[in-house]
2 protein chains.
Amino acid sequence: MKRVKKKIFHDYIARQGLKSTRQRDIILEAFLSSDRHLSIEELYLKLRVKHPNIGYATVYRTLKLFAESGIAREMQFGDGQTRYDHVGEGEHHDHLVCTGCGAIIEFENETIETLQNEVAAAHGFLIKTHKLELYGLCARCRG
Amino acid sequence: MKRVKKKIFHDYIARQGLKSTRQRDIILEAFLSSDRHLSIEELYLKLRVKHPNIGYATVYRTLKLFAESGIAREMQFGDGQTRYDHVGEGEHHDHLVCTGCGAIIEFENETIETLQNEVAAAHGFLIKTHKLELYGLCARCRG
DNA sequence: GCGCATCATGAAAGTGATTTTCACTAACAT
DNA sequence: ATGTTAGTGAAAATCACTTTCATGATGCGC
Ligand SMILES: [Mn+2]
Ligand SMILES: [Mn+2]
Ligand SMILES: [Zn+2]
Ligand SMILES: [Zn+2]
């Protein structure tokens, strides 16, 4: 899994004529080993422990590259920070977001996806991506 | 329609012990007469033509009030600006967003809404709101 | 109407999360 | 090894709000 994503990223870097750097590899490993939905700052702080010389701007720019290469997805859950989700080959999932504790649960629903495509088709739209987020209280927070 | 929303807003203002002001009425009229999905700045610039003395902060605060009163909804379409959508009594719709020309098309799909509730129920979630946006190219942009 | 406790307004300053700049360094093709 | 081009990190700049503060309206009770 990690191996596959590292290859996808390195292939992307090569294809774009970009360079392979120590920092990018360190950030890539940290990203792939981290929880999903981390913000730039969260990943930066995590990295800083073992790599205090890596700058915030580099983490920021590298996460953008991850998104461009297809191994990450930029997310906005309304908490004011951009978060980066992990993306698997040909996989897709949507989110349930708890407004109480901030928990984020992932789910997949093929029927909804199909209906979305029907809606798009009915409007002559060609869908590239979509965002489906359900906000509310998780089982634990709805006391 | 406008009449109904103005009443909803004025009732809200009264209920909260707030005051009815010239500015709020001007902004309300401009908002209800405007295109949907306008940003604070867009509405501010539109207003400035006939009311150059109304400040940005007042537009900002008044749009928040509209959202609180239930006649508007804050939206984030990923272009970096918060947009305010019009909300009708008991109505709900989702959006198709063209990444080519920025066009925003509204749609309703009861089946999808039902499926969303089933997903939430399956996870013990109590849904408060949701966001469904389909991004892609509109009929005109997919040349 | 008048007084006045509140709330509202507008200009300007403050915030927080990026995003860009710039001087310097590292990659890598030759 | 060298030159060319891309990358890095610290700091400054942006951007879109958001709050502050001195001043101005509102509107209930006389
Ligand atoms: Mn996810
Ligand atoms: Mn809409
Ligand atoms: Zn929760
Ligand atoms: Zn379009």
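In what follows, chains carry the letters A, B, and so on, assigned in the order in which the sequence lines appear, proteins first and then strands, with residues in each chain numbered from 1. Computation of the quantities below employed the complete heavy-atom set of this structure, encompassing side-chain atoms and omitting hydrogens, waters and symmetry-equivalent molecules.
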To the nearest angstrom, the OH-P distance between Y56(B) and dT19(D) comes to 13 Å
May I ask you to evaluate whether Y60(A) reaches the phosphate of dT18(C), defined as a side-chain N or O under 4.0 Å from OP1 or OP2?
-> no
Comparing nearest nucleotides in DNA chain D, the 5'-proximal residue of the pair K19(B), P52(A) is P52(A)
What integer distance in Å separates H51(B):NE2 from dA8(C):C1'?
-> 17 Å
Round to the nearest Å and state the distance from Y44(A) atom OH to dT8(D) atom P.
-> 14 Å
Less than 3.5 Å between a donor and an acceptor, one on the side chain of R61(A) and one on the base of dG9(D), is that the case here?
-> yes
Walking DNA chain C from its 5' end, the first of A57(B) and L18(B) to be reached, judged by nearest nucleotide, is L18(B)
Expressed in angstrom and rounded to an integer, what is the separation of Y12(B) atom OH from dC7(C) atom C1'?
-> 14 Å
Report yes if at least one side-chain N or O of T21(B) is closer than 4.0 Å to OP1 or OP2 of dT9(C); otherwise report no.
-> yes
What do you reckon, are the aromatic ring centroids of F31(B) and Y84(B) less than 6.0 Å apart?
-> no
OP1, OP2 of dA16(D) versus side-chain N and O of S39(B): anything below 4.0 Å?
-> no
Give a yes/no answer on whether the side chain of K64(B) brings an N or O atom under 4.0 Å of OP1 or OP2 in dT18(D).
-> yes
Rounded distance in Å - CD (E41(B)) to C1' (dT18(D)) = 15 Å
I26(A) CD1 - dG7(D) P separation (whole Å) = 16 Å
Treat each ILVMFWY residue as a node, draw an edge where side-chain heavy atoms are under 4.5 Å apart, and state whether V4(B) and L28(B) are in one component.
-> yes
Roughly how many Å is it from CZ in F9(B) to C1' in dA8(C), rounded to a whole number?
-> 12 Å
Whole-Å distance separating the CD1 atom of I27(B) from the C1' atom of dA8(C) = 11 Å
Look at the side-chain N and O atoms of R24(B) and state whether any lies under 4.0 Å from the OP1 or OP2 oxygen of dT9(C).
-> yes
Please tell me which of the listed nucleotides, dC17(D), dT18(C), dC28(C), lies nearest to the side chain of T82(B)?
-> dC17(D)
Verify whether the ring centers belonging to H92(B) and H130(B) lie closer than 6.0 Å.
-> yes
Taking OP1 and OP2 of dG10(C), is either one under 4.0 Å from a side-chain nitrogen or oxygen of T58(B)?
-> yes
Aromatic ring centroids of H37(B) and H86(B) under 6.0 Å?
-> no
Out of dA16(D), dG10(C), dT18(C), minimum distance to the side chain of Q23(B) belongs to dG10(C)
Look at the rings of F107(A) and H123(B) and say which category their plane angle falls in: under 30° parallel, 30 to 60° tilted, over 60° perpendicular.
-> tilted
Closest nucleotide of DNA chain C for Q16(B) versus for I54(B): which of these residues is on the 5' side?
-> Q16(B)
Report the nucleotide, chosen from dA17(C), dG7(D), dG10(C), that has the shortest atom-to-atom distance to any side-chain atom of Q81(A).
-> dA17(C)
Value for CG (N109(B)) from CD (E118(A)), rounded to nearest 0.5 Å, stands at 8.0 Å
